[in-house]
Protein chains: 4
Amino acid sequence: MEQWIAEMLQLNDSESKMTDKQLKIIEAAVEIFSTKGFAASSTSEIAQKAGVAEGTIFRHYKTKKDLLLSIVTPMMARLIAPFILKDFNKVLNSAYPNYEDFLRALIKNRMEFARHNLPIIKIMLHELPFQNDLNQQFKEHIASKVIHRMKEITDHFQKEGQIIPLPSPVVIRLSVTVLIGFLFARFLLLPELDWDEEQEIEFTIDFIMHGLAPRN
Amino acid sequence: MEQWIAEMLQLNDSESKMTDKQLKIIEAAVEIFSTKGFAASSTSEIAQKAGVAEGTIFRHYKTKKDLLLSIVTPMMARLIAPFILKDFNKVLNSAYPNYEDFLRALIKNRMEFARHNLPIIKIMLHELPFQNDLNQQFKEHIASKVIHRMKEITDHFQKEGQIIPLPSPVVIRLSVTVLIGFLFARFLLLPELDWDEEQEIEFTIDFIMHGLAPRN
Amino acid sequence: MEQWIAEMLQLNDSESKMTDKQLKIIEAAVEIFSTKGFAASSTSEIAQKAGVAEGTIFRHYKTKKDLLLSIVTPMMARLIAPFILKDFNKVLNSAYPNYEDFLRALIKNRMEFARHNLPIIKIMLHELPFQNDLNQQFKEHIASKVIHRMKEITDHFQKEGQIIPLPSPVVIRLSVTVLIGFLFARFLLLPELDWDEEQEIEFTIDFIMHGLAPRN
Amino acid sequence: MEQWIAEMLQLNDSESKMTDKQLKIIEAAVEIFSTKGFAASSTSEIAQKAGVAEGTIFRHYKTKKDLLLSIVTPMMARLIAPFILKDFNKVLNSAYPNYEDFLRALIKNRMEFARHNLPIIKIMLHELPFQNDLNQQFKEHIASKVIHRMKEITDHFQKEGQIIPLPSPVVIRLSVTVLIGFLFARFLLLPELDWDEEQEIEFTIDFIMHGLAPRN
DNA sequence: AATGAATGAGGATTCATTCAT
DNA sequence: CATGAATGAATCCTCATTCAT
């Protein structure tokens with residue numbers, strides 16, 4: 001778990017170098033928050049698991065909540081990374097000649113993302129409903145952007161006649177719903193199953209494509 | 001909120017009379033648990049909101065956890081009520097000549113259920129990952145039954161050639177995913193929107209039906 | 001255990017008839033007080049063990065402390081019963097021609113008493129240091145009487161030259177110490193041992209008699 | 001005789017990495033436990049008397065029970081210190097040519113011990129019957145060792161013909177009973193009396209020696 | 001930067017006692 | 001008489017946070 005956390009945080013905080021202890025604290029916090037929930041986790045347990053004195057946590061993070069935010073906030077950005085890449089439009093026009101390819105790329109990309117960031121994603125899911133600031137941050141900066149981009153894409157493929165001309169919120173909802181449903185089943189609900197991911201992905205995409213195919 | 005709670009608990013405890021205070025406690029607990037999460041809710045706050053001495057809570061529920069279970073456990077049963085109705089088979093064969101009708105009945109039924117039990121459903125969703133006993137209860141008594149029934153239904157309509165002969169777990173996952181995705185969006189993610197439920201339901205069903213239509 | 005408790009309390013409260021429930025309460029209290037100590041015993045546990053509602057205890061005994069006193073106080077009187085029998089002087093002069101016989105009678109009598117009242121004796125021992133009123137009661141009404149009588153007896157046998165003419169407090173202390181030490185070992189310290197009581201008593205008396213024999 | 005004192009103090013010093021506050025806590029706890037009993041003492045009262053926040057107690061002692069044990073357990077060892085000194089055998093053979101001298105040394109030694117540790121001894125006496133772990137600890141590590149040593153000594157002096165050849169448990173019981181009886185009377189039962197300790201000790205030893213003298 | 005002792009407000013829970021039924 | 005629901009003060013204990021070192 002260490003590498004990707006360091007990596008992830010360096011992305012965001014490229015200038016502020018993390019101490020070794022600081023990293024250990026984040027690692028411990030991620031594990032404990034993700035298994036017990038934020039409210040049920042104690043800073044002393046985190047300190048212990050991090051091999052750090054209790055006070056040390058508060059030298060780096062003013063409050064327990066701060067610690068949470070320092071974990072979840074950067075993850076938010078990465079959650080929508082594929083939707084805000086600068087060359088997304090280019091990609092949109094050239095790389096994905098059809099909705100199916102786009103879906104396949106998206107699903108695979110987010111799948112790897114989920115695979116490597118599962119604990120933090122869990123934390124995010126659990127705390128979004130309770131932490132108002134997180135919730136707002138999510139709605140304002142994340143959801144709106146994803147929806148915006150998805151709308152562009154949907155419009156694009158609808159114009160091309162590739163998918164059914166339903167209102168774009170409906171198309172987005174249906175697509176995303178199935179996509180997230182798959183990830184949810186794969187990683188959260190039944191992670192212990194022996195999934196044939198390739199095949200499931202194809203079933204899933206095929207399902208969406210037929211569901212959204214223009215009616216004749 | 002009072003009526004349906006009373007109703008719900010009368011279902012379960014038709015003989016055991018709840019005190020007035022006990023009911024107040026449950027109501028307060030439901031509201032507080034659902035807005036702050038179990039771990040972040042304090043019994044003293046519950047007592048205050050219920051207009052009851054804190055000790056009174058513990059006269060009726062040995063533990064805070066007990067109070068949670070007394071709220072969530074009966075809800076579990078009702079969660080799958082439509083799947084274990086005695087006359088389900090009859091219904092299956094006669095009332096729903098096709099998968100579409102079945103889906104429509106199911107989606108509408110669960111929609112009403114969600115509408116009337118939203119707070120407790122929230123509690124359930126939030127606590128399932130953290131309360132091991134709840135989780136196990138859910139997997140053993142709820143999920144397995146739903147899956148079992150869904151498999152029967154899927155097999156039935158697959159035999160009739162109404163839906164694509166994919167492995168039933170896949171069919172179930174795709175159907176349920178879309179269904180739950182809709183309920184989730186409607187009631188949890190964007191409840192403040194002005195939904196045209198009838199139309200959304202039709203879009204959703206249409207999407208599933210085309211997604212699962214036999215390929216020619 | 002029931003009979004002797006009833007008996008004991010009827011001795012004291014010969015006029016006020018105990019309810020069945022009241023008796024049950026006393027029985028339960030004796031058992032629980034003696035195994036957990038007064039402070040660590042809860043009235044609710046007593047009520048439960050007595051098969052009685054919590055409130056019922058307080059109908060008969062105004063406070064938990066009252067309940068304790070109602071158990072211990074009558075036992076106090078019986079503790080010194082042999083020392084205040086009306087015909088004690090007669091007995092003194094006629095029945096016990098020597099100190100040895102007196103000791104033997106005393107030791108056997110108190111032994112039976114201890115055997116039949118062990119739990120209450122335990123309660124008394126444990127609570128005497130903590131309950132000031134009990135303590136005072138004990139010193140004023142019990143200890144002083146025993147000492148007074150013992151002094152008479154000691155004086156008597158010292159005058160007869162049967163025992164060493166030490167100050168009577170010393171003689172009393174040594175005699176009583178050995179006696180109680182034996183009872184303590186027999187019933188409290190090592191009750192599970194297989195005691196040959198007759199022999200131990202003879203050893204004990206012989207020890208005291210030689211220890212107090214006039215020096216030549 | 002100073003040796004065991006030195007040793008005893010080393011026992012105490014070795015573990016003293018005590019904070020000032022920690023010491024205050026122990027002092028307060030000893031006083032309150034000894035006057036009200038463990039169960040009737042509240043941690044808040046201890047904290048108050050120690051001039052410390054209540055939380056501080058639990059930083060040093062996980063549990064109220066832990067606090068009790070940290071007071072009583074080391075006292076247990078010191079209770080039998082004179083019986084487990086390494087050079088006890090030497091002492092046995094050389095320093096105490098007769099049982100009387102041994103008794104005198106023992107009684108004086110334990111008397112000083114009692115004088116200086118009265119409150120903790122009280123705590124021990126009160127809690128031994130209720131705290132199972134303490135009880136077991138006492139029986140296994142303390143009582144058995146004392147009895148073992150006493151048996152050696154008794155055997156020794158019986159072989160020399162100095163004391164009556166009764167079964168050693170009887171001899172031990174009688175000796176210890178009188179000794180403890182004296183300490184009990186002196187320090188617990190009638191501490192306010194103006195004791196002539198030297199004389200009482202001599203009376204007591206004389207009593208035992210005559211009681212255990214070989215019959216002719 | 002790091003520690004860890006100290007804090008005190010707040011946590012869940014227990015308890016003796018009361019009172020309407 | 002007996003009940004048992006209700007109480008609220010008190011209990012033991014936890015926790016996030018501070019601060020002197």
Side-chain angles (χ1 to χ4, degrees), chain A residues 19-22 24-25 39-48 50-67, chain B residues 17-22 24-25 39-48 50-67, chain C residues 19-22 24-25 39-48 50-67, chain D residues 17-22 24-25 39-48 50-67:
Chain A
T19 346
D20 175 51
K21 304 242 170 192
Q22 206 169 341
K24 287 260 177 63
I25 290 169
S41 303
S42 80
T43 51
S44 82
E45 191 185 352
I46 293 170
Q48 196 179 0
V52 152
E54 296 195 40
T56 306
I57 291 178
F58 293 90
R59 182 149 301 278
H60 294 288
Y61 308 94
K62 262 199 346 193
T63 64
K64 187 184 162 193
K65 179 80 175 284
D66 252 37
L67 177 55
Chain B
K17 276 122 193 169
M18 258 193 171
T19 331
D20 175 49
K21 305 245 169 191
Q22 205 169 342
K24 288 257 178 66
I25 290 168
S41 305
S42 79
T43 51
S44 80
E45 192 185 349
I46 294 170
Q48 198 176 359
V52 152
E54 207 172 344
T56 307
I57 293 178
F58 293 92
R59 173 152 296 278
H60 295 290
Y61 308 94
K62 276 227 284 245
T63 307
K64 189 184 156 194
K65 179 81 174 284
D66 248 40
L67 177 55
Chain C
T19 344
D20 175 50
K21 303 242 170 194
Q22 205 167 343
K24 287 259 177 65
I25 290 169
S41 303
S42 80
T43 51
S44 81
E45 191 185 350
I46 293 170
Q48 196 178 359
V52 153
E54 297 196 38
T56 307
I57 291 178
F58 293 91
R59 182 148 300 280
H60 294 288
Y61 308 94
K62 261 200 348 193
T63 65
K64 188 184 161 194
K65 179 81 175 283
D66 252 38
L67 177 55
Chain D
K17 278 183 180 173
M18 266 189 171
T19 331
D20 175 50
K21 304 243 171 192
Q22 205 168 343
K24 287 258 179 65
I25 291 169
S41 304
S42 80
T43 51
S44 82
E45 192 185 351
I46 292 170
Q48 199 177 359
V52 152
E54 204 172 347
T56 306
I57 292 178
F58 293 94
R59 173 151 296 277
H60 294 290
Y61 308 93
K62 277 228 286 244
T63 308
K64 188 185 157 194
K65 179 81 175 281
D66 249 39
L67 177 55

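Quantities reported herein were computed from a predicted structural model and do not represent experimental measurements. Excluded from the calculations below are hydrogen atoms, water molecules and symmetry mates; all remaining heavy atoms, backbone and side chain alike, are included. So that the names make sense, note that chain A is the first sequence line, chain B the second, and so on, each numbered from 1.
Atom-to-atom distance recorded for C/Lys21:NZ and C/Arg59:CZ is 12.5 Å, nearest 0.5 angstrom. Distance check: B/Tyr61 OH to B/Leu67 CG gives 6.5 Å after rounding to the nearest 0.5 Å.
Separating the CD atom of B/Gln48 from the C1' atom of F/dT7 is a distance of 16 Å, rounded to the nearest angstrom. Look at CG on B/Asp20: it is 19 Å from P on F/dG4, rounded to the nearest Å.
The shortest heavy-atom contact between B/Asp66 and B/Lys62 is OD2-N, 3.7 Å. Minimum heavy-atom separation, B/Thr43 to B/Phe58: CG2-CZ, 3.7 Å. Nearest heavy-atom pair, B/Ile57 versus B/Val52, reported as atom, atom and distance to 0.1 Å: N-CG1, 4.5 Å.
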| For D/Lys64 and D/Ile46, what are the C-alpha separation, side-chain angles and deciding distance, and is it a side-chain contact (heavy atoms from CB on, under 4.5 Å)? | CA-CA 10 Å; D/Lys64 188 185 157 194; D/Ile46 292 170; 5.6 Å; no

| said: Walk me through whether D/Glu54 and D/Ser44 qualify under side chain to side chain donor-acceptor pair (under 3.5 Å). | reply: CA-CA 6 Å; D/Glu54 204 172 347; D/Ser44 82; 4.8 Å; no

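Contacts between residues 54-64 of chain D and DNA chain E, counted as heavy-atom distances below 4.0 Å, involve D/Gly55, D/Thr56, D/Arg59, D/His60.
Mapping D/Gly51 and B/Ser42 onto DNA chain E by nearest heavy atom places D/Gly51 closer to the 5' end of the strand. Heavy-atom distances to DNA chain E give each of D/Lys21 and B/Glu45 a nearest nucleotide, and the one nearer the 5′ end belongs to D/Lys21.
Interface limits on DNA chain E: the 5'-most and 3'-most nucleotides within less than 4.0 Å of chain D heavy atoms are E/dA5 to E/dG8.
Between the side chain of D/Ser42 and the backbone N or O of D/Glu45 there is at least one donor-acceptor pair closer than 3.5 Å.
For A/Lys65, the NZ atom sits in a packed shell: over 12 heavy atoms of surrounding residues, nucleotides or ligands are nearer than 6.0 Å.
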| message | Dot-bracket, 5' to 3', for DNA chain F please: Watson-Crick or G-U pairs under 3.5 Å, [ ] where pairs cross earlier ones, | where the partner sits on another strand, dots elsewhere. | response | .||||||||||||||||||||

